[in-house]
S.K.: 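I am attaching a structure below and will ask some questions about it afterwards.
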Amino acid sequence: MAILQRLRVKQIRFTARLLGAVEALPGGGRLMQPLANWPITAPVLNAILGYQRVFDDLPQALAAAEPYFGGGHDAPGVGALHLGLSQSPRPSDYAAFYHIQGPVSRWFKIFDLGGNVGNLFYCYKRYLHLPPHLVWQVYDLPKWMEEGRRLAAENGERQLQFTRNWEDASGADLLLVSGSLHFFDPPVYHMVTELREKPAHILINRSPLIDGPTKATVRDDGFFRTARVLHNRGELIAAFETIGYALIDSWQAPELSLRIVGKPEFSAASYSGLYFRLKPQN
Ligand SMILES: C[S@@+](CC[C@H](N)C(=O)[O-])C[C@H]1O[C@@H](n2cnc3c(N)ncnc32)[C@H](O)[C@@H]1O
C-alpha cells in the first residue's frame, strides 16, 4: 500500500475509534446518531469515516475499500491467523459442538464453506468424535486451499479435503458457514437453491446480523480489510425458511462485534449463530 493510503487507513481508524468512544459516553448516542443521519452532517461524517461506514450493498463496500484492502482475504498471514485463533475453541464454537456432537456419528460429509486452511477441522476434531468415514470438505479461495492441502498432507489428514466445486455441497449432512456467510454475494441461501440436493443441516456461526435493513460495510482487521454484508436477522432467517429450512437454535458469538459510528441499527454488539434443519419434503 502506498504511503497516502496507509495514512488514510490510520486516519479512518483513529477517527472511528474517537467518535465511537464519544458515542459510548453517557448521552453520546444522542449526539452521534443525529450527526450520522442529518442530510448536512452525514456526508461529512461519511467522508471522515471512509470505508468504515454503511454501504447499500457489497459491491459498493468493495469498491470503496479496494485501495485499502492490504491483500484482503489473501493477505499474507491470514491462514496463520485463523490457525492461531482456533488453537482453542472460541465461545461460539461451543454452540456448534452442542449441535454437531450428537448426530455426527451418523454423518458422512461436513461441507465447510469459507473453511480457510481447515482451521476448524483441526480444532473441532479435538472436541468431537468425528467418525472415520466422515469427510470434512473445505471450500475457500485457491490460495488457502493450496495451503490447506499442503498442511493436511504434512499432518497425514485424509479426512480433510478441499474443493472449489460448490456442487460438492450437494447432499452434505452439514453445511458449516462459520465466519464466512457475510462474504458471499449472491447470498448463501441462493447458493443452496442451486444444489441438486440441499444439505440436511446448516450451521451459520460468527456473522454480523443486524436489526436494520440488509446493507454492507468494511471491517478493519489490523493488517487487512474485508468488505462484508450486514444481513438483517429476520430477513435472513425468513430466506432460509422459504427454501425449506426450520430454525432450530440461535446464539450470540460474543468474541466478535462490529460497531458503525452513529448507526446502532447497522451495528452488531456481538456476532450471531444460527442452526437450521431441512424440513421433511413432501
Ligand atoms: C473469517 S474466515 C473464517 C474461517 C473459519 N471458517 C472460522 O470460522 O474460523 C473467512 C473465510 O472465508 C473465505 N472467503 C471469503 N470470501 C470467499 C469466497 N468468495 N469464496 C471462498 N471463500 C471465501 C476467506 O478466505 C476466509 O478463509
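Whatever order the structure lists ligands and atoms in, that order sets their numbers, starting from 1.
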S.K.: Check whether Tyr245 forms a cation-pi arrangement with Arg277 (NZ or CZ under 6.0 Å from the six-membered ring centre, at most 45° off the ring normal).
M.R.: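 Judged by the rule (NZ or CZ under 6.0 Å from the ring centre, within 45° of its axis), Arg277 is not positioned above Tyr245.
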S.K.: Would you check whether Tyr139 has a nitrogen or oxygen atom less than 3.5 angstrom from a nitrogen or oxygen atom of ligand 1?
M.R.: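 No.
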S.K.: Do any N/O atoms on Asp140 end up under 3.5 angstrom from N/O atoms on ligand 1?
M.R.: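 There is such a contact, yes.
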S.K.: For Ser180, is at least one N or O under 3.5 Å away from an N or O on ligand 1?
M.R.: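 No, Ser180 has no N/O under 3.5 Å of an N/O on ligand 1.
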S.K.: Backbone, side chain, both or neither: what part of Asn119 comes under 4.0 angstrom of ligand 1, heavy atoms only?
M.R.: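 Only the side chain of Asn119 comes within reach of ligand 1.
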S.K.: Mark up the atoms of ligand 1 that fall under 4.0 Å of a heavy atom belonging to His73, in ascending order.
M.R.: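 That gives atoms 15 (C), 16 (N), 24 (C), 25 (O) of ligand 1.
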S.K.: What pairs with Trp38 under ring-ring contact (aromatic ring centres under 6.0 Å, His included), at least two apart in sequence or on another chain?
M.R.: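 In terms of ring-ring contact (aromatic ring centres under 6.0 Å, His included), with neighbours along the sequence ignored, Trp38 is linked to no residue.
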S.K.: Given that the side chain starts at C-beta and the backbone is N, CA, C, O, which of these parts of Leu85 lies under 4.0 Å from ligand 1, counting heavy atoms, or is it both or neither?
M.R.: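 Leu85 to ligand 1: no contact under 4.0 Å from either part.
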S.K.: May I ask you to decide if Val177's main-chain N or O and Ser180's side chain share a donor-acceptor pair within less than 3.5 Å?
M.R.: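 No.
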S.K.: Is any N or O atom of Phe184, backbone or side chain, closer than 3.5 Å to an N or O atom of ligand 1?
M.R.: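 Min N/O separation from ligand 1 is not below 3.5 Å for Phe184.
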S.K.: Name the residue from Pro187, Pro199, Ser170 that meets the side-chain contact (heavy atoms from CB on, under 4.5 Å) definition with Val192.
M.R.: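 In the set Pro187, Pro199, Ser170, the residue that makes a side-chain contact (heavy atoms from CB on, under 4.5 Å) with Val192 is Pro199.
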S.K.: Leu128: which residues meet the side-chain contact (heavy atoms from CB on, under 4.5 Å) condition with it, sequence neighbours left out?
M.R.: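 For Leu128 the side-chain contact (heavy atoms from CB on, under 4.5 Å) partners, ignoring immediate neighbours, are Phe97, Ile100, Gln101, Tyr124, Leu130.
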